[in-house]
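What follows is one structure encoded as structure tokens, with my remarks underneath.
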Amino acid sequence: MRAGRVVACIGLFVLGAVVGVAGALVQGGFFPAGLLLALLGAAGAFYGGARAIGTRAGAVAPAAGWLVAVLLLTATRPEGDFLFGAGLGSYGFLLGGMAVAVMCATLGHRPQPTGSAARLGK
């Protein structure tokens, strides 16, 4: 990997973490629409990263950042504070975000043909 691609992956990791924190706050505040908005934001970061870099690493980097941020937010503190409650919205955000990350990371990227528009073999 080139240095530019490594820097881009680090930036996408940070972007994924920011999207994870923002999604965690939004999905709990406005339940049905907030959950959809949080999942769409995550999908945009994952798919946009894959398209920007052109490889699957572009989708994995923000997905890893999202996962780290969300897992750190699910842990309880000694005082008993936590961000995620046990509800349909929280589980939908966690499982839906992971499903979106897997879909964007495994989405096939076909290379564009470089030849002329004429039929091959002629």
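The structure presented is a predicted model; accordingly, all values stated were derived computationally and were not measured.
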Testing the basics here: between [X] and [Y], what is the closest heavy-atom pair and its distance to 0.1 Å?
X   : Y    : answer
R56 : A105 : CD-O, 2.9 Å
A69 : A17  : CB-O, 3.6 Å
G23 : F93  : C-CZ, 3.7 Å
A45 : P62  : O-CG, 3.7 Å
L39 : G96  : CD2-C, 3.6 Å
G58 : L12  : O-CD1, 3.7 Å

In terms of hydrophobic clusters joined by side-chain contacts under 4.5 Å, are [X] and [Y] together?
X   : Y   : result
V60 : L15 : no
V21 : L36 : no
V18 : V26 : no

**Other cluster members, V102 - Ile/Leu/Val/Met/Phe/Trp/Tyr, side-chain contacts below 4.5 Å** =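 Cluster partners of V102: none, it stands alone.
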**Message:** Running the 4.5 Å side-chain criterion over Ile, Leu, Val, Met, Phe, Trp and Tyr, what cluster does F13 land in, apart from itself?
**Reply:**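 In the cluster with F13 are V68, L72.
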Return the set of residues passing side chain to side chain contact (heavy atoms under 4.5 Å, CB included) with [X] (not counting sequence neighbours), or none when no residue passes.
X    : value
V100 : A43, F46, M103, C104
A8   : I53
I10  : V6

**Item:** Pairwise distance CG(L94) to CG(L73) - rounded to 0.5 angstrom
**Value:**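 Here the rounded value is 10.0 Å.
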